[in-house]
Structures are given as structure tokens and as C-alpha cells.
Chemist: 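Pasting a structure here, questions to come.
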Amino acid sequence: MNYNFQEIEKKWQAHWASQKTFRASENSDLPKYYVLDMFPYPSGAGLHVGHPLGYIASDIIARHRRHLGFNVLHPQGYDSFGLPAEQYAIQTGQHPAKTTTTNINRYREQLDRMGFSFDWDREVRTSDPSYYRWTQWIFLKLFESYYDLDADKAKPIAALILRFEKEGNKKVKAHCDPETPVFDAAQWNVFDLLEKQKVLLHYRLTYLSFTEVNWCPALGTVLANDEIVNGVSERGGHPVTKKKMRQWSMRLGAYANRLLEDLNDLDWSDALKEMQKNWIGKSVGANIYFKIENHPEKLEVFTTRPDTVFGVSYMTLAPEHTLVKKITSVDQQKAVEGYIEKVAGKSDRERQADVKSISGVFTGAHALHPFTGQRIPIWIGEYVFAGYGTGAVMAVPSGDQRDFDFAIHFGLPIINIFKGKDISQGAFSDKENFVLTHSGFLEGMDYKSAMEKVIYELEYQKCGEGTVNFRLRDAIFSRQRYWGEPIPMYFKNDIPIPLPEACLPLKLPDIEKYLPTEEGKPPLGRAKKWAWDEAQQEVVPNNRIDHQTVFPLELNTMPGWAGSSWYFNRYMDAQNKKEWAGQEALKYWKNVDFYMGGSEHATGHLLYSRFWQKVLFDLGHVDQKEYAKKIVNQGMILGNSAFIYRKKGTHTYVSKGLVGDNVVEPIHVDVSMVNAQDELDLDELKQWQQDFQHAEFVLENKKYIVGREVEKMSKSKYNVVNPDEICDTYGADTLRMYEMFLGPIEQDKPWNTAGISGVHNFLKKFWRLFYHQNDWSVTDTPPQTESLKILHQTIKKVSVDLDRLSFNTCVSTFMICINELTALKCSNKSILEPLLVLLSPFAPHFCEELWERLGHTQSIAFAPYPVYDASKIIEKTKKYPVSFNGKMRFTLHLSLDLGVEDIKEIVMKETQTSDQLKGAAPKKIIIVPGKIINIVV
RNA sequence: GCGGGUGUGGUGAAAUUGGUAGACACGCUAGAUUUAGGAUCUAGUGCUUCACGGCGUGGGGGUUCGAGUCCCUUCACCCGCACCA
């Protein structure tokens, strides 16, 4: 009987599916364990071998936990709203729902071939109305909430209204827009309905406002900060500009501090935590108010170095700062306007590209120093951002390099406030090893005491206060797209009103073209008829059936991250039709114990989803303030691209070794046409693309050798390896083990099929322990001590390595184990059976089959984990390194039960005959128990 | 510039607390057996030397009887953030 992986894998995949072997249930006395993968976006290209890497690792964890006696929840689904399906729809007119379904089916087929133990009864699709009705529901929950700073949590907006009715908003401490008007109870109570709604918008956790957004003209939509990479859109690499638009936003900033603080309790990698910390960007400092000469308003700046306030020699405002227009003097007007125009014309990318050149212009106005009363010129400069702090800085050239450079460039004064420090070459920006001078009441102080003193004085003199600033911005939530969740809102006199919950889901209407309308409205503006819930038709206002429309609906859709911000909770009760998830299920599964996914989501999904969880926590919908206790980032599997070299301007291709001084253009060729020795199959190439039929190939040793380069796997680079092919040739179990064997799970690594035979051979070898020369060879005889030792060593090593997530060494351990058992010709049932359980998370089909052949009727998936027995592997002897005067040495194998005196005696005897001592007696023998024997001669 | 990470054979990589560096696998070299379907088995394989030996974990220095592992310093590469006040 040979190892027929194709038959075996097909059989068990069908069996698991029909028996629903991995269906999870809340009715269990076992402890729960929730293993989650980041659900995929089902792209048209299908899966390549890189995608399953994380799924395999998490599946091993899930299966391992089942053996350990946990009730495991291991779901999977699809993040099925997104740009590519819509772009495809624009090109082809094909409805995104249709492409999405096709892609999902393809994904499912591929996933099913790899033997994952998913509970498919809990599948979610973010683009399915039965799912996104609850995404819309959560949106409404955020809309109906505000952030109470006294309680430091979100509360229902109804509570806020009650307070307004009683006492107005003067005493209300809440996270709200800076331009929120102040009113008392009497004023509130006479506001009309719309006015009240306007006020409340300043408080709601999801709100509508005019904001400067990242506009991507090519995609025709707004992008979030994390969707922009190096100044261009993450998807497609299109340029991005600034634009003011009326947009939905989420008050992410309200949670900045909690998102930062709660990181401490999470078992995430340092890299991941650092990325989030960085993104949140907390900085402690002070706001300082400067009076402006001949102007009623004050100029407020944020600084992390209020201790250097006596070194201020000028101020800089962001070009967009609202004060600029008000304070600019008549004779500077032209210069300022010209400068602003120049800056506004630059794209983000251009602005980022030349960070070195210094630009700015004087406004003609002066501020007054709060402590010295000195006149300080006010400049504007590009290096100051409107969006950070107050959009204005106090410039201290002696303590900040940028201020220094700016001062030198424009010939502004530099006040050295650091005693004895040379600042002729650059600023002194350390926070240590200095004392202040020329600094009034801070004279002679160091950083720490100056900080305390200056903040005290600022607050005492009412010209500033200590404060904390975050880099984290509120999240813009509107997208001018079709293929996303409709926002369940309509407008009355331009004031947004939520749809009643009973109207959810507000379904995506069909439209003819997936492009903005002629008036520039989002694609949804084309909808003639909205597909709302049939039973609720009357309640839903329609936006454009003839011209009798009363209430227009919101035409923007939600961003990609909406659906993925809560799906982990939906899995707990995925089929619930009445609630977003039932409390019973939520309380049972609590949170994710093991979350596997890519680190590219560090500042996107992983931040937004924590935010939503915290809001839902505050509002009492979940009882976990963090949803993912542990996250592991799998590395990326890279492609090993192949290139041929075309002589420039010709149709001649030279083999890699003959390129020499030729000017050549490397051209990608499909990696499937290249063998392990980098030799290209020219016949295949000519069939692959007609162009090559008549090309000339210059060979070396009668072969065409390609160049190789490691790149991201992608269709356009022809370096994609399809897992289906691997499953056909070697089987899913081999693929699973090989992907784990490739290297540490968190490391990026290029794919290389060459090594896969080693893993495949291992399975065949293991099979042969069961079938010796085609005959079943398993015996019931008592095992040899040697075999027992190997078994228990393996149990121990694999257990420890699984805890360390060192999957690659687990595979090696299995190989060593089987090599040794083969050498011993071991076929004992009592050895092989526990090994199958141990191996089954890695090679589930293989183990399930042999488990059945051993006579079991229950799935191996729930077989108890083998018990480790230390007594089976305890060594009788131990190694003792022996050194002479700390120089030379040899190793003694000594019995464990020896005492110190016994050891000394043996060492004496040994050393007498040793060359090292040449017969002389050692002066002293030092024995460190369990470590070393040091002999002093 | 700031933060995080990685440097070990021809290749992917191992090496709990410092204790025989290179396990395991690929590849390669011999040989055996069998020859059909990507077969199996045995031996060898860090570099260097005919050999004894010497040298070896990016470089330099240190601690230690002993360092891939700890400390200092330096270089290279990767990732994230970045005129963030």
C-alpha cells in the first residue's frame, strides 16, 4: 500500500464537510479557545502559496488546542466589499456582487483543498445584507453616542441632551469639535429641532463636517491616512491632493489615549505595538498663548519644549492657519498671498519630496512674549502643519534644528539659552546635560525642573497650560464609491437623520454605471430605486424617484475597514437574525485568543477595530475592551521572479551568464517554465507568448539560464505559484508541512519549490512504518525503551516548540523522530498512535487516514494529546566539560547520582592518564554542579 | 533623523538558562539496488591542509575557564514613521 495522498485527502475533506466535524458550539464544558485569521479579500487572481501561510499556522494552533481539550472556535469568511471589484465593474459593467461571488467560490475551492478545520457554518461576507445590516446598526450606535471626558467613556447622546436641557453645555466635558458653540439651558430649550441636531453633531462619535480630506481624483474618492503610501494611493498608486469636503468622520481621537494605554495589556509583538504607538503619536508639552500686537485674538502654539520659551525669536504659522489672513500687514499681503498660492498648488507628494528646501514668508505682524513682552515676528512656513497641534509653532532656533535652519536661512535672531553650549553649527536639542540661561525665572534650571516651573507659571499667569497632543486624527468615514455599505442616513434641511433601525438593512441599490454622476455626486446618486427592506418600504425616504423626493438619502458609502472592524464578534453568533450577536455567545467566546494576520494592517484594521470594540464596550454591547489578546504576524512569502535579457533595441535574448557588457532589458517570464537549475524551457516560452516565436536566443552550454530576483508575488510579475498545483503533485499535507518548514513563521521568505521533496519523503517514510513492503506492519508488542525515548522526546520538543510558535523546528523534530524509528524498525502501535495525534495538526488527512486504519471510529481531531512521560527519556549520564587552568578541556560523561567527592575521584583518575597533566597531580579541582569541572594545575 | 528587526555552509535554516556551532532539509559527490513514472538505501559534504593541525556565526574590541548567545563599538540590509513643533 502506497501513500496515496490524492485519494486520502479527497476522502477526508468530504468526510469533514459532510460530518461538520469542526462545527463549534457554545454548549460545552470545555474551556474555549478562539483562533482567528484575518479574513481575505476575495480577489480575482485566486490564492497563491503565500496566502495560506498564516491559515496553516493558525489551523495548526486550532487543531492542537482541540487535542489539548479546548472547545475551539475557528471561523473563516470574506472581506468582500472593496475597490478592485468596483474597478472591474467600471471596466466591464459586471455587477460587483457577481464578480465577488465568483471569486469567493474560487477561494472556497482552494481553501477546501488544504484541509483547514474551519467552521463554515459561521462564514461571514461583509457585502451580504444580512451582515452589513449590523455594520449599519453599529454606525447608528456611534451616531447616537458621544464621548464623556469625566467618565472617560462613550455614552448615549440622550444623556447629553438631558444635561443640555438642565444646564446647557458650559460644564459638559466631552470630546467635541473645537467650533462647538457655548449655550445655557434656556438657549438650548428654545433651539429648534434642526438647530439642536446641528449642535449635537459636534458631539456625536460619528459626525458630519467639512474637513480637509485626501482626495484621489483617479479613484474618485477620499482616502484615509493609512490608505496613502508615500503620497500616493495604496491601491493603484494614484496621486492624492487635499480637498475640503463635507464628510462623515469617526471620533477616533477621543479614544487616542485608551488605544495607547491598553496596548500594555496585549500580547502583541513589540513591532506591532510600536507601530500603533507611533501612529497615535502622543506628545506631552504645553499650549502657550501669545498676544498679537494690534490684534484682539491670541496666537496659540503647542510645544513639547515649553522650557525653552525664553529662546523664542520668531513664530511660524502653517500657511492654512486661520489667523494668517487676519494679521498679515498691508505691505506683506502680496508676498503672503503669493506664498500661500504656491504651497496650495503642491501635491502631498511634492511637499514630501522636498523636505530639505526651506521656504517661508514674513506676515508683517508681531506677537508679544508672554513673559518678557518682547516683540516676536510672525512668519508662515511650509514646515508647519495645519493638522498637528494648533498649526502654529514658537520657534526656538537654539533648541530645534528646523527652527535653526529657518532662522539661518532668513537671517532671524538666535538666542542661545543653553549655558556653555556651542550652537554655531546647529541646535542643541537634547533634553539632558544642560542648564538654561538668558531664561528669566528659569535661569540655571535643567530640563525637568524648568518644565515643571514653566507650566506652573503659564497656568498661574493664564497664558498657557500643560497639555497632551496626539498625532492620531479622526477617521474619515465617507467614500464616494458604490461597492460598500450604504450609510443609513437621510437629510432634512441638510441635517442628517438616522434611518429607523427597523429599516435596516438599507440595501445597495442597483445602478447602471459605477461612476460618479454628471453633477459630481457619488455613484449612488444614479440609483433610481433603493432596495430597502421590502416590508419597510414606506418608511424609507427615497432620494430620486421623480421630483417629489422629500428627503435625500446619504449617497456616500462606508470605507473598507467598516465591515472588518467587528467581524470577529459576528463569528461568535454568525447566523443570528435578531441581533448583531447574542449576548450569550458573546459572553461565552469573549475575545480572540489567537489572531493571525499580516502586519500591514497595524495602523488600519487593527486600530479601527480596537476603536469600535471600545465603543461597543462603553455602550455595554460587549464585555471585552480588547478583542484580540494575542496577535501573530506571519511573514510574507515572496516570489522568485525569473528574467530573460533582451539586448536593447533587438529581438535577441542572451542567457544570464552572457550578459556581460551588453545593454539589456530584463523581462519577466513565467516561473513555471523554469526548472530548479534556472534553465528556461524555450519551447514553452514560445508557446506562452507569440512574440518569442521569432526571437533569437543566445545560449550558454546549450541552455538558456534565467536571472532571478525575489519580489512580491503577483500575477503581473509571472512569479505566482498556485497552491493547487502543489496539492496535485505532493498533496495538501506536504504543502502544509513544507510551508511551515520554510522558516520562522514571522519572517518574510521567498518561495522555492525545490526543497519540498524532503517533506514529502518524510510522509512517505512515516507511511512505511505502517506498511512494510505493502503489508500492514503495526504490532501490539511492548515497545523498546529506545523507541519510547524517541516518542517522549518528540512529544516534549513538539509541545515546547508549538508554544513558541516555532513550527519549522516542529517539522524537523518529526523528521528526526521518524528517521530514528525507521532505523529501529519500530512498528509498535503504542509508539505510532500517539505520534499520529502529535502530527495531525500538521498533516491532518494523513493522520486521519492512518488513525482510521488503526481501528478508530472517531476523528483523530479530538483525540487527547499524548501524555509526556519524563521518566522515559531521562539520561543516566551527564556531560561535564573539564578545563585545565581554564584552557584545555575534554568532556566526561558521568553518572547522574554521583556526589561531588565521587566526581573528584573520577576526575583525579582520568587526569592522571591524560596528556594534559603529564602525570602531575592537580592542585585544585573546582566543581560547579551541573556546569563545569575546572582543574587548577 | 526616530523606532523595530535581521546578519550563521552552495541554499532554507537549527542551537531553553553562555557549554562539542551548522541539527533537520534541499543541493552536491560516490556507491548499492531497482530500473520506469518523479523510487529506495548506504556513505560523505563549513573553509583550509597530503596530513598533524589551523580558521570559522557581518567587522573590531571586552567580560568569562568557555560567547552565535552577554556588554561596548562599527558596518550592511529589511520594515514602519517622518519638516509632528
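The structure displayed is predicted, hence computed values, not measured ones. Below, read A as the first sequence line, B as the second, and so on, with proteins coming before strands; counting in each chain starts at 1.
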Chemist: Considering only atom C1', compute the distance from B/U33 to B/G27 and round it to an integer number of Å.
Modeler: 23 Å
Chemist: Partner of B/G12 by Watson-Crick or G-U wobble geometry, both contacts under 3.5 Å, or none?
Modeler: B/C24
Chemist: Would you indicate what A/N761 reaches in the nucleic acid, counting non-hydrogen atoms under 4.0 angstrom: base, sugar-phosphate, or nothing?
Modeler: sugar-phosphate
Chemist: Identify, between A/R804 and A/P750, the residue whose nearest nucleotide on RNA chain B lies closer to the 5' end.
Modeler: A/P750
Chemist: Classify the nucleic acid contact of A/Q747 as base, sugar-phosphate or nothing, counting any heavy atom under 4.0 Å across all strands shown.
Modeler: sugar-phosphate
Chemist: Mind checking who B/C55 pairs with, Watson-Crick or G-U wobble, both distances under 3.5 Å?
Modeler: B/G46
Chemist: Measuring from the side chain of A/T809 (C-beta onward, heavy atoms only), which nucleotide among B/G4, B/A23, B/A14 has the closest atom?
Modeler: B/A14
Chemist: Tell me if the NZ atom of A/K273 is crowded by more than 12 foreign heavy atoms within 6.0 Å.
Modeler: yes
Chemist: Going by purine N1 to pyrimidine N3 plus the second Watson-Crick contact, or the G-U wobble pair, all under 3.5 Å, which nucleotide sits opposite B/U17?
Modeler: none
Chemist: Do the side-chain N or O atoms of A/R768 get closer than 4.0 angstrom to the phosphate oxygens (OP1, OP2) of B/A39?
Modeler: no
Chemist: Below 4.0 angstrom from OP1 or OP2 of B/A25, is there any side-chain N or O of A/N819?
Modeler: yes
Chemist: Please report the distance, rounded to the nearest Å, between CD in A/E746 and P in B/G12.
Modeler: 20 Å
Chemist: Expressed as a whole number of Å, how far does the P atom of B/G5 sit from that of B/G9?
Modeler: 23 Å
Chemist: Within a reach of under 6.0 Å around CD of A/Q401, are more than 12 heavy atoms found that belong to other residues, nucleotides or ligands?
Modeler: yes
Chemist: Quick one: on RNA chain B, does A/A271 or A/P744 contact a more 5' nucleotide (nearest heavy atom)?
Modeler: A/A271
Chemist: Check step by step if side chain to side chain contact (heavy atoms under 4.5 Å, CB included) holds for A/E746 and A/Q634.
Modeler: CA-CA 4 Å; A/E746 295 188 83; A/Q634 85 274 23; over 6 Å; no
Chemist: For A/N264, does the CG atom sit with more than 12 other heavy atoms under 6.0 Å from it, leaving out its own atoms?
Modeler: yes
Chemist: For A/E709 and A/S641, test the side chains for any donor-to-acceptor distance below 3.5 angstrom and give the result as yes or no.
Modeler: no
Chemist: Rounded to whole angstrom, note down the C1' distance from B/A32 over to B/A25.
Modeler: 23 Å
Chemist: Is the A/F766 to A/Y3 ring centre distance short of 6.0 Å?
Modeler: no
Chemist: Whole angstroms only, please: what is the CH2-P distance between A/W268 and B/G4?
Modeler: 18 Å
Chemist: Using the C1' atom as the point on both nucleotides, what is the distance between B/G68 and B/G7, in whole Å?
Modeler: 11 Å
Chemist: When you compare B/A23 with B/C47, how far apart are their P atoms, in angstrom units rounded to a whole number?
Modeler: 13 Å
Chemist: Produce a footprint string for nucleotides 77-85 of chain B: one letter per nucleotide, 5' end first; B if the base is under 4.0 Å from any protein heavy atom, S if only the sugar-phosphate is, - if neither.
Modeler: ---BSSBBB
Chemist: Quickly work out the A/K765 NZ to B/U42 C1' distance and round it to whole Å.
Modeler: 12 Å
Chemist: If we call it a pair only when both distances are under 3.5 Å in a Watson-Crick or G-U wobble match, what pairs with B/G1?
Modeler: B/C81
Chemist: Which base, if any, makes a Watson-Crick or G-U wobble pair with B/A36, both distances under 3.5 Å?
Modeler: none
Chemist: Suppose we screen for salt bridge (charged side-chain N to carboxylate O under 4.0 Å, His left out). Which residues come up paired with A/E820, at least two apart in sequence or across chains?
Modeler: none
Chemist: Strictly under 3.5 Å: I want the nitrogen or oxygen pairs between protein and nucleotides 36-38 of chain B, one per line.
Modeler:
none

Chemist: Glycosidic conformation of B/G38, syn or anti, with 90° from 0 as the boundary?
Modeler: anti
